[in-house]
Amino acid sequence: MTSLPNDWRMARLDTIAEVRLGRQRSPKNHEGDQMRPYLRAANVDWDGLRLGDIKTMNFTDAEMEVYRLSKGDLLLNEASGSAREVGKPALWQDEITDCAFQNTLIRVRPKDIEPEFLLHYFRHAASVGKFAEASRGVGINHLGKEALASWQIPLPPAGERQRIVGLLDQAYELRIKRRQAITNLDGLTQALFIETFGTFGDPLRRTANLDSATLGELTSEFRYGTSVKSEDRGHPTLRIPNVVGGSLDVRDLKFVPVTPAELTRLRLRQGDLLFVRSNGNPEYVGRCAVFSEDLVSSSGHASDSFIYASYLIRARLHLDKVNPVYVREFLLGSTGRRSLRSSCKTSAGQYNINIDGLSGISIPVPPLLLQQEFAKRVEFIAELRERYTRQLSHLDGLFSALQHRAFRGEL
């Protein structure tokens, strides 16, 4: 920051804002005659606040004077199991009346400075990993109120702050719209599924006379992946982070050296289904994606060289009975998710599903030609989604560069 323009200055955060940690949860406050809504880390996301699941705690009037949120407050994640999530910010706009906050969040209340400017600065610091580098802790990463209070903020004159906010607001909105377009396409796939096959589990006309089979009956082979540790060499190996939203993301690959015999056992083929078998979040367990040679070709590695890690399960389907895209979309739908959830087991905070659990899941089996026609239409949606995702990646890169220049006074 030594190269900042002459009319800029560096300021400690606590000289331009009040910095306060939220109130700790306590069993004695789980009930009372002054129950009030409060925000926690789960309510703060990269794209803003998530207010669909709001908890309540007992706060006295005196406590609310300390912990009540006011319009223009900034909320940052104080703690997370993932260092990358620490410091993630959002702006409070009085969305809920008389709302407080918990100690998994730090409140920053600006003094004579635009909250939007600080919001953009915090987003930048979080996205480039500055807060992650400053976090401390084993298992749970903490930013800490004192560490944040002493944070040095690059501060331009008021007019330049407003110009920065205006430019970054526009760029940010473009990214939000592109993300929303991708979300809409994801919803379109499930809407197409219901339009084609009906809602399974309900006595709709389209599904009334369908045969059904267990996933085990529709699968020629289930197999767990390799537990060999990754190295700088070997075969590209898919892991839990590569299974995203029903698709495969091959931008972050690990490599595992395996013997020719292991490669024969673990090599992935077109149409294989990969299931996540273990996660701390039950909604992620059973999440699946179809292995596609076209999809992995973008990685630069031969499609027949891909294998998979031990926290994934491969299902090799009878392709003369079911289409893998149909099976994936059924399992992503509400009926399929309920079946997967009921087949999970929990131990030490981890949710797990095994081959036996997957094998017993019942799946309606429409005519194969109808499944294949559905898969073709989904492929068209997937191509659009991939195009939008590439555009979003490009926008993300431009936005990051714009942020960097903005807070160095180089716009």
Side-chain angles (χ1 to χ4, degrees), residues 11-82 85-127 131 134-135 140-151 153 155 161-162 165 168-169 172-173 176:
R12 272 179 59 115
L13 180 59
D14 58 4
T15 65
I16 59 173
E18 176 199 274
V19 182
R20 182 177 292 278
L21 190 64
R23 198 188 74 176
Q24 187 171 359
R25 288 184 62 195
S26 171
K28 68 183 178 66
N29 294 318
H30 289 176
E31 57 184 30
D33 56 3
Q34 292 181 295
M35 300 298 286
R36 323 253 191 165
Y38 71 93
L39 298 191
R40 62 201 198 282
N43 299 120
V44 175
D45 205 354
W46 287 105
D47 290 337
L49 293 169
R50 296 288 178 263
L51 303 178
D53 180 19
I54 299 296
K55 307 295 185 184
T56 59
M57 256 196 307
N58 194 71
F59 285 85
T60 66
D61 290 343
E63 288 171 326
M64 286 302 291
E65 289 301 312
V66 177
Y67 297 109
R68 181 183 286 110
L69 294 173
S70 297
K71 186 175 182 179
D73 285 346
L74 294 152
L75 293 163
L76 283 73
N77 278 12
E78 193 281 326
S80 175
S82 168
E85 298 290 300
V86 173
K88 183 171 58 175
L91 179 63
W92 178 252
Q93 298 280 32
D94 275 349
E95 289 87 345
I96 300 172
T97 302
D98 213 26
C99 188
F101 67 110
Q102 188 204 358
N103 68 335
T104 54
L105 294 173
I106 301 174
R107 183 185 69 193
V108 175
R109 180 166 287 170
K111 305 172 185 175
D112 299 322
I113 185 171
E114 304 82 1
E116 294 82 4
F117 176 82
L118 287 179
L119 174 65
H120 280 297
Y121 174 76
F122 291 147
R123 281 174 176 163
H124 175 56
S127 66
F131 290 140
S135 66
I140 300 295
N141 303 275
H142 293 270
L143 177 57
K145 179 249 184 183
E146 298 303 326
L148 184 62
S150 64
W151 206 273
I153 308 292
L155 206 60
R161 293 199 303 268
Q162 292 165 7
V165 168
L168 292 182
D169 275 351
Y172 189 76
E173 285 302 315
I176 292 296

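Along the sequence shown, residues are numbered consecutively beginning with 1.
- Because its NZ or CZ atom is both nearer than 6.0 Å to the ring centre of F59 and within 45° of the ring axis, R23 counts as a cation-pi partner of that residue.
- Side chains of R40 and D53 form a contact here, defined as non-hydrogen atoms less than 4.5 Å apart.
- E116 is linked by a side chain to side chain donor-acceptor pair (under 3.5 Å) to nothing, counting only residues two or more places apart in sequence or in another chain.
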key: Test log, rule side chain to side chain contact (heavy atoms under 4.5 Å, CB included), inputs D169 and H120   = CA-CA 8 Å; D169 275 351; H120 280 297; 2.8 Å; yes

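- If you run side-chain hydrogen bond (donor to acceptor under 3.5 Å, both in side chains) between E18 and each of K111, R109, R107, only R107 comes through.
- Checked against salt bridge (charged side-chain N to carboxylate O under 4.0 Å, His left out), D112 has no partners two or more places apart in sequence or in another chain.
- The heavy-atom pair separating V86 from S135 by the smallest distance is CG1-CB, 4.2 Å.
- Between L105 and N43 the shortest side-chain heavy-atom distance does not fall below 4.5 Å.
- Look at K145 and D14 and you find no salt bridge, because none of the NZ, NE, NH1 or NH2 atoms lies under 4.0 Å from a carboxylate O.
- Put simply, the side chain of D45 never gets that close to the backbone of R50: no donor and acceptor are under 3.5 Å apart.
- Ion pairing between a basic and an acidic side chain is recognised when a charged N comes within 4.0 Å of a carboxylate O; D73 and R68 show no such pairing.
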key: Verdict with reasoning, F131 to L148, per side chain to side chain contact (heavy atoms under 4.5 Å, CB included)   = CA-CA 9 Å; F131 290 140; L148 184 62; 4.0 Å; yes

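- Under a 3.5 Å cut-off, the side chain of Q102 and the backbone N or O of L39 do not form any donor-acceptor pair.
- Closest heavy-atom contact between W151 and A134: CZ3-CB, 3.7 Å.
- Taking R20 as the reference, nothing meets the side chain to side chain donor-acceptor pair (under 3.5 Å) condition, with sequence neighbours excluded.
- T104 places a side-chain N or O within donor-acceptor distance of the main-chain N or O of A41, the cut-off being under 3.5 Å.
- Side-chain contact between E85 and N141 is absent, with no heavy atoms from C-beta onward closer than 4.5 Å.
- No side-chain heavy atom of L119 sits less than 4.5 Å from a side-chain heavy atom of E114.
- Within the 4.5 Å cutoff, the side chain of F122 has heavy atoms near those of the V108 side chain.
- You'll find the side chain of I153 stays beyond 4.5 Å of the side chain of I113, heavy atoms only.
- No more than 12 heavy atoms of other residues, nucleotides or ligands shown are found within 6.0 angstrom of CZ on R25.
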message = Assess the residue pair Y172 and R123 against the criterion (side-chain hydrogen bond (donor to acceptor under 3.5 Å, both in side chains)); give the C-alpha distance rounded to whole Å, side-chain angles, the decisive distance to 0.1 Å, and a yes or no.
response = CA-CA 11 Å; Y172 189 76; R123 281 174 176 163; 3.3 Å; yes

task = Start with the C-alpha gap between L49 and V44, add the side-chain angles, then the distance that decides, and say whether side chain to side chain contact (heavy atoms under 4.5 Å, CB included) holds.
result = CA-CA 5 Å; L49 293 169; V44 175; 4.0 Å; yes

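- Looking at every heavy atom in both residues, I54 comes nearest to L51 through CG1-O, 3.5 Å.
- Although no hydrogens or angles enter the test, the distance criterion places no donor-acceptor pair under 3.5 Å between the side chain of N77 and the main chain of G87.
- Nearest heavy-atom pair across A100 and L69 is O-CD1, 3.7 Å.
- The side-chain heavy atoms of L74 and P89, taken from C-beta on, include no pair separated by under 4.5 Å.
- The two residues L155 and A11 have their closest heavy-atom pair at CD2-CB, 4.2 Å.
- Classified by interplanar angle (parallel below 30°, tilted 30° to 60°, perpendicular above 60°), the ring pair Y67/F101 is perpendicular.
- Between L13 and I16, the closest side-chain pair of non-hydrogen atoms falls below 4.5 Å.
- For the atom pair CZ of R36 and CE of M57, the computed distance is 12.0 Å after rounding to the nearest 0.5 Å.
- Taking both residues in full, the closest heavy atoms of S70 and D94 are given as C-OD1, 3.8 Å, listed atom of the first, atom of the second, then distance.
- One N or O on the side chain of T60 and one on the backbone of E63 form a donor-acceptor pair closer than 3.5 Å.
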